[in-house]
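Side chains are part of it too, since the values below use all heavy atoms of this structure and drop only hydrogens, waters and symmetry mates. Chain A is the first sequence line, chain B the second, and so forth, proteins listed ahead of strands; every chain is numbered from 1.
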Amino acid sequence: AACVKHLLNQRNLWNILRSVSVDLNNDTALLIDIPDALCERDKVKFTVHTKTTLTNFQKPDFSVPRQHEDFIWLHDALVETEDYAVGILERSYPDFESPRDKMHKLGEGEATMTKEEYTKMKQELEAEYLAVFKKTVQVHEVFLQRLSSHPVLSKDRNFQIFLEYDQDLSVRRKNAKEMFGGFFKNMVKSADEVLISGIKEVDDFFEQEKTFLLDYYSKIKDSTAKAEKMTRSHKNIADDYIHISATLNSLYLWKLNFAFFMHLQKVEGRVASDQELKLTELLRYYMRDIQAAKDLLYRRARALVDYENSNKALDKARLKSKDIPQAEEHQRQCLQKFDKLSESAKKELTSFKGRRVVAFRKNLIEMAELEIKHAKNNVALLQGCIDLLKNN
Amino acid sequence: MADTARDPPPDRTDFHEVEDGEDLFPEPSAATPESQPASLSAVDISTNANGPKQDSFFDDDNEDLFAEATEEVSLDSPERDVLLSDGPSPAITPITPPTSVITPRIGHTHDDMFTHSSFDEIEEEEGGDSFDIHISVSDPEKIGDGMNAYMAYKVTTKSSMSLFKQRDFAVKRRFSDFLGLHSKLASKYLHIGYIVPPAPEKSIVGMTKVKVGKEDQSSNEFVEKRRSALERYLMRTVKHPILLKDPDVLQFLESTELPRAVNTQALSSAGILRMVNKAADAVNKMTIKMNESDAWFEEKQQHFENLDLQLKKLHASVESLVCHRKELSVNTAQFAKSAAMLGNSEDHTALSRALSQLAEVEEKIDQLHQDQANADLYLFSELLGDYVRLIGAVKGVFDHRMKTWQKWQDSQMLLQKKREAEAKLQFTNKPDKLQQAKDEIKEEIEELEGKVQQGERDFEQISKTIRKEVSRFEKERVKDFKMIIVKYLESLVQTQQQVKHFILNLSYTKKRLVFV
């Protein structure tokens with residue numbers, strides 16, 4: 001498969017693709033976007049562009065090249081140093097393999113297809129490839145924008161480095177990995193599940209949130225999977241129409257113009273992609289968001305456990321009459337961390353919900369409107385074809 | 001960056017005004033979206049629904065291999081005994097094709113596809129009334145019990161033509177009767193160049209499934225496919241001006257009693273003989289090298305070869321479409337359930353309501369997809385299958401022409417040999433036998449000359465017939481396909497309109513509201 005290089009200047013196109021997530025903060029002091037990206041051998045190089053009025057940055061307008069690993073580093077660094085829900089960043093590379101495999105299969109089957117069929121299928125696959133590419137850019141961009149509007153995270157030193165440092169971050173990345181062992185964090189996740197559900201919650205708010213989030217997560221995960229299957233079916237139908245159209249066209253003695261069958265393909269294809277963007281992507285995004293919220297609860301639960309352990313240690317110290325001041329200090333720190341985390345978690349979870357509801361509303365409405373628009377167009381198109389055939 | 005979030009994009013003009021202070025999603029005026037459009041449920045296309053369903057279906061495909069032949073029994077009589085069974089007179093159990101299988105809401109039956117064209121055109125008849133005939137196959141019912149049971153169909157003919165004794169009449173026929181009819185027509189007309197429409201295919205595999213006795217989607221679909229195919233078969237047959245007048249056809253349509261068609265069983269000795277002959281034919285075809293002097297035939301042969309390939313490919317694509325559409329229906333239903341669960345889980349009231357509505361709409365859309373899949377199948381896929389078989393019949397007719405040519409050539413060669421032998425006779429040394437031999441040969445030569453002339457006439461005749469048949473076929477085909485495509489597109493239009501209707505009725509598309 002070919003290497004693809006794209007310049008993403010077309011803002012209009014983007015307005016449909018982006019904005020799965022919604023930000024309530026209208027802070028224009030720090031504006032970040034990814035205006036450009038390059039794809040080389042499935043490695044994507046992003047151009048991160050920053051416009052800022054803040055004085056802690058050296059320049060008001062600048063860009064740096066960043067790779068996916070740099071984003072991961074930033075994410076992990078923030079998670080370790082800040083007790084906030086940092087937001088989700090997909091840790092794995094986007095799936096270029098699927099369109100690549102299909103392109104390969106298409107090449108193998110080229111002999112059995114007409115030239116037109118082959119061209120159309122190839123176009124479809126290229127579009128799919130492009131969609132994967134655009135999506136990954138979007139995901140990275142949204143991640144940064146969420147950070148930029150966060151009252152605390154936007155001021156983080158690592159964030160600034162990420163935006164500004166004009167050299168290769170890989171040196172820093174290596175150090176960070178060693179220091180924070182971010183890689184292992186994911187392994188501990190499953191243990192956290194047990195932790196979070198086992199904890200005795202005094203705070204009503206968190207009790208409710210915990211119940212809600214655990215249940216909601218499983219439901220939205222299921223919905224995401226089912227929505228994906230639905231979208232896949234639409235795509236399959238669109239592909240079938242390509243073959244049908246090509247064959248009808250080649251039956252030359254029909255003396256009828258069957259080019260409009262290609263419109264059918266576009267119809268189904270558009271439905272598939274709109275559904276994907278507005279529904280499947282929405283569900284997928286918020287599934288991960290809920291995961292981040294759960295993450296936050298885990299961290300708070302761990303802080304609580306730490307605090308409880310420090311209490312026990314203090315009691316022990318008092319019994320033994322040994323190292324009491326250290327134990328007291330440790331206990332005080334744990335309590336402070338737990339309180340701070342609880343407070344920020346409450347704020348985060350509330351704003352989470354607000355964001356989710358607004359985004360759902362927005363996307364559900366937009367999806368419905370797109371479907372209506374397509375239905376109207378399709379009816380007009382199909383009716384035109386019918387009239388043409390009947391009068392011929 | 002965060003600018004796209006809240007304001008409605010300026011190019012969208014079909015929004016309503018933002019209203020302050022309102023709910024996130026409005027209270028739906030009714031608990032459910034507006035009244036559904038009329039006739040959403042599948043229209044029972046066959047006005048033939050009668051009586052309760054029976055669990056198991058049987059067909060006469062798998063007749064007893066040892067069945068005695070030629071017992072003339074009326075299909076109508078309820079006392080009809082299945083051949084070898086000693087049981088009591090079997091009950092007649094009518095079977096209704098389930099509505100979900102039937103092509104819905106198209107407004108007219110797909111019979112109309114045929115009557116349309118037949119009413120529109122006035123064929124050049126050899127002096128007869130204008131073509132006006134409508135045949136329907138309906139009421140599949142199981143006759144008998146056990147392994148010897150079979151399916152009977154009601155064949156109704158409505159016609160004002162003087163050919164028929166009545167204007168509106170019906171008979172009962174079983175599947176083997178149809179096959180028998182085709183077999184007779186084929187033996188009479190194929191070898192002289194007429195394109196005899198092929199009968200629907202036997203399906204031992206299909207029948208085995210049905211024999212298991214489960215009344216489920218696939219066995220119902222099988223019965224409906226078969227019924228529909230038989231109907232199309234009869235209509236195609238009677239649309240042929242020559243075949244219509246054939247006494248076998250008339251007898252099939254009219255007479256209440258029909259001699260049992262034998263030798264139609266796949267595994268019978270006759271069936272095996274047929275298979276052997278087919279194989280032999282294929283071999284012969286390869287060895288016949290015809291000097292095609294007629295460019296028209298050469299071109300047409302090539303054309304039909306190409307058509308055959310393309311149609312098979314198209315048929316395969318459409319079958320794939322049907323399959324994927326069914327998948328879409330299943331996936332949509334699953335998503336609907338999942339969305340409903342998600343809506344229940346959602347603690348924001350308005351959003352929860354919205355998700356539930358989305359789930360309801362998706363469920364309705366799932367039904368639409370299912371109906372569309374049926375349309376894909378019956379309007380498109382099955383008809384393509386018919387045409388693939390029809391092209392087979394056309395190619396068969398071309399093959400017969402080749403065989404006729406071969407026969408003529410063989411006679412000529414034989415004649416040539418005999419003439420040479422005659423000439424040789426002049427030089428024999430046995431004068432006493434000479435006269436006798438000369439007379440014999442003279443007779444043979446005369447006979448052969450006759451054969452050669454006949455062969456040439458046959459060849460010219462079949463060529464002429466084929467030219468006529470092919471041009472008639474082409475005209476029919478183009479018309480048929482246009483009709484198919486139009487019907488199919490109309491079904492798509494209907495689906496789109498329904499989708500639009502459902503989504504428009506979602507309460508949250510009615511107003512653009514500000515988030516409080």
Counting only heavy atoms not in A/Gln383, do more than 12 fall under 6.0 Å of its CD?
-> yes
Give a yes or no on this: more than 12 heavy atoms of other residues, nucleotides or ligands lie within 6.0 Å of atom NZ of B/Lys500.
-> yes
Please report the C-alpha distance between B/Glu327 and A/Asn236 in whole Å, then the side-chain angles of each, then the deciding distance to 0.1 Å, and finally whether the side-chain contact (heavy atoms from CB on, under 4.5 Å) criterion is met.
-> CA-CA 10 Å; B/Glu327 269 174 24; A/Asn236 285 341; 4.2 Å; yes
Out of B/Val486, B/Val330, B/Asn344, which one racks up the most heavy-atom pairs below 4.5 Å with chain A?
-> B/Val486
Quick one: pull up CD1 in A/Ile372 and CD in B/Gln496 and give me the separation to the nearest 0.5 Å.
-> 12.0 Å
Using a strict 4.0 Å threshold on nitrogen-to-oxygen distance, state whether A/Arg356 and B/Asp347 make a salt bridge.
-> yes
Could you state the interatomic distance from CE (B/Met341) to CD1 (A/Ile220), rounded to the nearest 0.5 Å?
-> 13.5 Å
Nearest-0.5 Å distance that lies between atom CG in A/Leu279 and atom CD in B/Glu362 = 7.0 Å
Supply the atom-to-atom distance B/Leu489 CG to A/Cys385 SG, rounded to the nearest 0.5 angstrom.
-> 6.5 Å
Output for pair (A/Asp222 CG, B/Lys337 NZ), nearest 0.5 Å, gives 11.0 Å
Could you tell me whether B/Glu363 atom CD has more than 12 heavy atoms of other residues or ligands within 6.0 Å of it?
-> no
What part of B/Glu346 is in contact with chain A, defined as an atom under 4.5 angstrom from a non-hydrogen atom: side chain, backbone, both or neither?
-> both
With sequence neighbours left out, write down each residue that passes salt bridge (charged side-chain N to carboxylate O under 4.0 Å, His left out) with A/Lys221, or none if nothing qualifies.
-> none
One option among A/Ala227, A/Ala380, A/Ser218 has the most heavy-atom pairs under 4.5 Å with chain B, and it is A/Ala227
Determine the option with the most heavy-atom pairs under 4.5 angstrom with chain B, choosing from A/Asp239, A/Val379, A/Ile237.
-> A/Ile237
Are any of the side-chain heavy atoms of A/Leu364 and B/Leu355 separated by less than 4.5 Å?
-> yes
Test applied, side chain to side chain contact (heavy atoms under 4.5 Å, CB included); reference residue, A/His234; option that passes from B/His369, B/His324, B/Arg325 = B/His369
Between atom CG of A/Leu283 and atom OG of B/Ser338, what is the distance when rounded to the nearest 0.5 Å?
-> 8.0 Å
Where is the tightest heavy-atom contact between A/Asp240 and B/Leu321, given as atom of each residue plus distance?
-> OD2-CA, 3.2 Å
Chain B interface, residue from A/His243, A/Lys226, A/Lys353, A/Gln208 that has the most non-hydrogen pairs under 4.5 Å = A/Lys226
Give, as side chain, backbone, both or neither, the part of B/Leu358 having an atom under 4.5 angstrom from any heavy atom of chain A.
-> side chain
Non-neighbouring partners of A/Asp204 that pass side chain to side chain donor-acceptor pair (under 3.5 Å), sequence neighbours left out | none
Contact leader toward chain A among B/Ala339, B/Ser317, B/Ser329, B/Cys323, where contacts are heavy-atom pairs under 4.5 Å = B/Ser317
